[in-house]
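Since the structure comes first, as structure tokens, the remarks are kept for the end.
Within every chain, numbering begins at 1; the chains are lettered A, B, ... in the order of the sequence lines, protein sequences first and strands thereafter. Hydrogens, waters and symmetry mates play no part in the numbers below; they use all other heavy atoms, side chains included.
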Amino acid sequence: MPELPEVETVCRALRSGGRDAPPIIGWQLKKADIFWAKTLAEQSPEEFSRKISGQKVEDVFRRGKFIILQLIQNFLVVHLRMSGDLRVEPDDKELLKHDRLIIWFEQGYHLAFNDPRKFGRIWLYQNIDELSARLGPEPLEIKSSDEFYQRLVRRKRQLKPLLMDQKFLSGMGNIYTDEALHIAGLHPLMNSADITPEQAKKLLSAIQQVLQTGIKRNGASIDWMYRGGSFQNEFRVYGRSGQPCPICGTLIKKITVGQRGTHFCSTCQPIPQSLQLKEMERKL
DNA sequence: ATAAACGCCTGACGGC
DNA sequence: TGCCGTCAGGCGTTTA
């Protein structure tokens with residue numbers, strides 16, 4: 001599920017209960033069973049299980065797309081990548097096909113990390129600042145659009161890959177970036193150095209708007225990756241190529257940008273002057 | 001400094 | 001029905 005609103009939804013369920021499960025705060029970890037060793041980024045299964053056993057969950061929070069379980073001694077950090085999910089279930093419930101790692105609690109429940117594509121990773125951190133240092137700011141915590149403008153202009157990158165760069169901004173993925181660029185009326189290939197202060201302001205507020213709506217809808221559920229969210233019903237461009245733009249009716253286009261499928265409206269998000277020449281060269 | 005290509009994986013889908 | 005290519009919410013590494 002793996003963008004900020006989906007990760008936030010998982011975190012809230014772990015912290016406060018939800019998705020038919022009780023909160024895990026205060027629970028004591030017994031041991032871990034690992035069925036796909038590469039899920040652990042650094043430890044061996046034995047070392048991991050030994051290091052977590054006997055600890056308690058003090059808090060659960062999110063940083064970018066990372067889920068962080070604060071234990072007594074260290075931080076258990078989870079990244080869902082493309083297909084990961086976390087479930088809290090009573091021990092009498094059977095495990096599922098793609099469960100890669102299970103953490104057993106003394107309370108008669110377990111936390112299951114399910115991940116069909118095996119891209120997800122789990123770490124143990126001593127100091128969570130090490131993780132934070134490698135990430136850009138939280139998009140929902142940026143107050144100054146002028147500062148955001150300055151950071152955009154200082155780079156000379158295509159807008160979409162820049163917004164998805166976790167060192168530039170943490171939490172944006174393919175869906176929410178396409179949606180935000182449509183709301184802001186900006187072309188995904190626009191060079192970040194060419195943005196105006198007005199456009200930067202619009203972009204920041206579009207980013208915050210899609211993320212907030214996404215969180216309110218408990219994220220998006222797509223195809224077979226159903227996880228209970230409903231934001232997919234409000235997509236304006238993502239996955240809608242060939243369908244009319246909800247604003248102007250122009251048919252949504254799909255192109256590839258930075259190896260990712262990119263959906264946009266050529267009327268609401270016109271190609272910048274500076275890119276028109278390159279476009280013509282491509283067609284010749 | 002930026003950007004493309006590729007690797008990591010399984011499953012769904014469309015075409016034949 | 002089966003086989004095959006293509007695509008998918010992410011990101012790290014290597015290469016240009």
Does the side chain of [X] come under 3.5 Å of the side chain of [Y] through a donor N or O and an acceptor N or O?
X	Y	value
A:R63	A:S132	yes
A:S241	A:K253	no
A:D99	A:N114	yes

**OP:** Sticking with atom P, work out how far C:dC11 lies from B:dG11, rounded to a whole angstrom.
**Re:**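 That atom pair is separated by 22 Å.
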
**OP:** Using the P atom as the reference point in each nucleotide, state the distance between B:dA5 and C:dC7 in Å, no decimals.
**Re:** 14 Å

Original post:
Within 45 degrees of the axis of the six-membered ring of A:W104 and under 6.0 Å from its centre: does A:K30 put its NZ or CZ there?
Top reply: no

**OP:** Check whether NZ of the Lys or CZ of the Arg A:R155 lies under 6.0 Å from the centre of the six-membered ring of A:F168 and within 45 degrees of that ring's axis.
**Re:** no

Please tell me if [X] has a side-chain N or O lying less than 4.0 Å from either OP1 or OP2 of [N].
X	N	value
A:H98	B:dC9	no
A:K160	B:dA3	no
A:K156	B:dA1	no

Original post:
Is the centre of the A:Y238 ring less than 6.0 Å from the centre of the A:Y176 ring?
Top reply: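 That pair fails the under 6.0 Å test.
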
Nearest whole angstrom, please: distance from the [atom2] of [N] to the [atom1] of [X].
X	N	atom1	atom2	result
A:D165	B:dA3	CG	P	10 Å
A:K118	B:dG7	NZ	P	18 Å
A:I222	C:dC7	CD1	P	17 Å
A:K97	B:dA12	NZ	C1'	12 Å
A:R157	B:dA4	CZ	P	10 Å
A:R154	B:dT2	CZ	C1'	17 Å
A:F235	C:dA8	CZ	P	14 Å

**OP:** Would you mind checking if A:K65 and A:E6 are paired as a salt bridge, meaning a charged N to carboxylate O distance below 4.0 Å?
**Re:** no

**OP:** Considering only NZ, NE, NH1 and NH2 on the basic side and carboxylate oxygens on the acidic side, decide whether A:K201 and A:D146 come within less than 4.0 Å.
**Re:** no

Between the protein and nucleotides 10-13 of chain C, are there any N/O to N/O pairs under 3.5 Å, and if so, what are the atom names and distances?
from	atom 1	to	atom 2	distance (Å)
C:dG10	OP1	A:K65	NZ	3.1
C:dG10	OP2	A:N174	N	3.4
C:dG10	OP2	A:R260	NH1	2.9
C:dG10	OP2	A:R260	NH2	2.4
C:dC11	OP1	A:H79	NE2	3.0
C:dC11	OP2	A:K65	NZ	3.0

Subject >> Shared hydrophobic cluster for A:F105 and A:L71 (ILVMFWY, side-chain gaps under 4.5 Å) >> reply: yes

Original post:
Is A:F66 linked to A:I24 within one hydrophobic cluster, defined over Ile, Leu, Val, Met, Phe, Trp and Tyr using a side-chain heavy-atom separation of less than 4.5 Å?
Top reply: no

**OP:** Select base, sugar-phosphate, or nothing to describe what A:Y176 touches, counting heavy atoms under 4.0 Å on all strands.
**Re:**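 Contact class for A:Y176: none.
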
Original post:
In what stems does DNA chain B take part, counting only runs of at least 3 consecutive Watson-Crick or G-U pairs whose two distances fall under 3.5 Å?
Top reply: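 As far as DNA chain B goes, consecutive pairing (with distances under 3.5 Å) yields the stems B:2-8 with C:10-16, B:10-16 with C:2-8.
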
Original post:
Considering only C:dG9, B:dT2, B:dC9, which nucleotide approaches the side chain of A:K38 most closely?
Top reply: B:dC9

**OP:** Could you tell me whether the side chain of A:Q259 has a donor or acceptor atom within less than 3.5 Å of a complementary atom in the base of B:dA5?
**Re:**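 Such a pair exists between side chain and base.
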
Original post:
DNA chain B: A:W36 or A:P161, which has the more 5' nearest nucleotide?
Top reply: A:P161

